[in-house]
**Q** 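Have a look at this one.
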Amino acid sequence: MKLIEVQNYEEMSKVAAKTIIEQVHTKPNSVLGLATGGTPIGTYQHLIKDFTQNNTSFEKAISVNLDEYIGLEKDNPQSYNYYMKEQLFNHINIPENQTYLPFAKSIDDEEAGRNYEKLIESLGGIDMQILGIGENGHIGFNEPGTSFSSTTGIVKLTDSTREANARYFTKMEDVPTHAISMGISTIMKSRKIVLLVSGVKKAPVLNELFQAAVKEDLPASILKEHPDVTIIADQEALSILKENKGSVYS
Ligand code: PGA
C-alpha cells in the first residue's frame with residue numbers, strides 16, 4: 001500500500017480528485033467505483049470544479065457504486081442514489097444511463113447481488129475504486145467478520161455503523177438495518193484502489209490497518225494483499241500511527 005500524507009480534508013480531496021481526473025484522461029471510458037459517506041464529498045466537489053473550469057469530460061466514463069441501503073426509495077434524500085446525483089452526477093457530464101448503484105428490493109432479494117456482479121463483469125471490471133473506511137474497518141458495507149471471498153449481496157449493518165450514519169437521519173429507527181454492498185472479493189478485483197481517510201475519528205482504525213495482520217475482523221486489512229492501493233490520509237487520521245515510532249507504513 002502506498003501512503004500519501006496530506007495536511008487536511010481539503011488537501012485529501014484535491015489529491016483524490018486529481019487521481020480520478022488523471023484516470024479519466026488516461027482512459028476516458030474508465031469504470032469508476034464510487035463511494036458515498038462524508039469522506040468523498042470534497043473529492044466530488046473538486047471533480048465538479050475541474051469539470052466546470054477545465055472541461056474534463058466524463059461522457060464516456062461509467063460508474064458503479066459500492067453500496068445502497070435497502071428499504072429507501074431512490075428519491076429518498078438519504079438514499080445513496082440521491083446522494084450521488086446531488087453530490088456529483090447532476091453537476092458533471094456523465095450520462096445517467098452510465099451510472100450504476102446496486103439495488104435490492106428487499107432483504108431476501110438474493111438475485112440483486114448476482115446481477116450486480118454480472119454487470120461489473122460485463123463492463124470489464126472496475127478500473128479505479130474509491131473507498132472510505134468505517135471506524136470499525138469496514139469497506140463498502142462489509143462489516144467485520146465478512147468473508148474475504150464475499151461477492152455483492154445483502155448485508156446486515158452493525159449497530160456501530162447504524163450509529164455512525166444516524167447523523168443523516170431524523171431518528172435512529174429510520175436508519176436502515178440492511179444494505180446491498182459490493183463484496184470484498186469484488187472490491188479486490190478492481191485494478192486500482194484509492195482509500196481516503198480523514199479526521200481524528202479514523203485515527204484508531206488507520207493505525208490498526210497498518211499494525212494488524214490481514215484478518216476478516218478488519219475488512220480493510222485485505223487491501224494489503226492488493227497490488228495497487230493508494231491511501232490518501234490527512235494528519236488527523238495519521239495521528240496515532242505517527243505516534244507509534246517505528247511503525248511500518250507500507
Ligand atoms: P464516512 O464513511 O465517509 O461517512 O466516514 C466511511 C465508511 O463508512 O466507509
Side-chain angles (χ1 to χ4, degrees), residues 1 6 8-17 20 32-47 64-70 72 77-84 86-88 101-102 126 128-146 150 152 155-169 172 175-184 186-188 190 193-209 216-223 226 229-240:
M1 300 190 296
V6 293
N8 50 31
Y9 181 81
E10 174 61 13
E11 196 187 346
M12 177 196 76
S13 304
K14 247 189 217 171
V15 174
I20 297 170
L32 302 172
L34 298 180
T36 51
T39 308
I41 289 178
T43 305
Y44 297 151
Q45 284 169 355
H46 279 283
L47 289 183
V64 286
N65 261 75
L66 278 172
D67 44 23
E68 176 60 289
Y69 289 121
I70 295 175
L72 302 185
Q78 312 314 332
S79 76
Y80 289 158
N81 260 279
Y82 189 94
Y83 168 113
M84 287 309 300
E86 283 288 300
Q87 301 296 340
L88 184 64
L101 283 91
I126 298 168
M128 176 177 281
Q129 176 66 54
I130 307 301
L131 289 181
I133 186 170
E135 287 167 48
N136 64 2
H138 73 203
I139 47 174
F141 269 137
N142 297 292
E143 303 286 28
T146 303
S150 64
T152 306
V155 295
K156 189 173 182 323
L157 305 179
T158 60
D159 291 344
S160 79
T161 293
R162 292 184 67 233
E163 276 157 27
N165 290 358
R167 64 191 191 275
Y168 300 112
F169 293 83
M172 191 61 197
V175 185
T177 54
H178 291 74
I180 176 165
S181 177
M182 250 188 226
I184 294 183
T186 323
I187 294 170
M188 286 293 283
S190 310
I193 295 179
V194 180
L195 173 66
L196 309 180
V197 198
S198 170
V200 73
K201 278 191 182 166
K202 301 290 170 68
V205 75
L206 187 58
N207 179 54
E208 205 192 340
L209 174 60
E216 290 182 342
D217 279 346
L218 185 67
S221 64
I222 191 68
L223 298 177
H226 190 284
V229 173
T230 302
I231 301 177
I232 309 173
D234 71 10
Q235 293 306 311
E236 283 191 12
L238 287 163
S239 54
I240 298 178

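Just follow the structure's listing: the first ligand is 1, and inside any ligand the first atom is 1. In this chain, residues are counted from 1 in sequence order.
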**Q** Could you pull out every protein residue that has a heavy atom closer than 4.0 Å to ligand 1, ordered by chain and then number?
**A** Gly37, Gly38, Thr39, Gly132, Ile133, Gly134, His138, Arg167, Lys202
**Q** When you measure from the side chain of Thr158 to the backbone of Thr161, do you find a donor-acceptor pair of N or O atoms at a distance under 3.5 Å?
**A** yes
**Q** Quick one: closest heavy-atom pair of Ala233 and Leu206, and the distance?
**A**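 Here Ala233 and Leu206 meet closest at CB-CD2, 3.8 Å.
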**Q** Any side-chain heavy atom of Met128 within less than 4.5 Å of one from Val194?
**A** yes
**Q** Go through Tyr168 and Tyr83 one step at a time and tell me if the ring pair (Phe, Tyr, Trp, His ring centres under 6.0 Å) criterion holds.
**A** CA-CA 11 Å; Tyr168 300 112; Tyr83 168 113; 7.9 Å; no
**Q** Within the structure provided, determine whether Gln78 and Tyr82 are in side-chain contact (heavy-atom separation under 4.5 Å).
**A** no
**Q** Restricting to non-hydrogen atoms, name the atom on Met182 and the atom on Ile126 that form the minimum distance, rounded to 0.1 Å.
**A**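 Nearest heavy atoms, Met182 then Ile126: CE-CD1, 3.6 Å.
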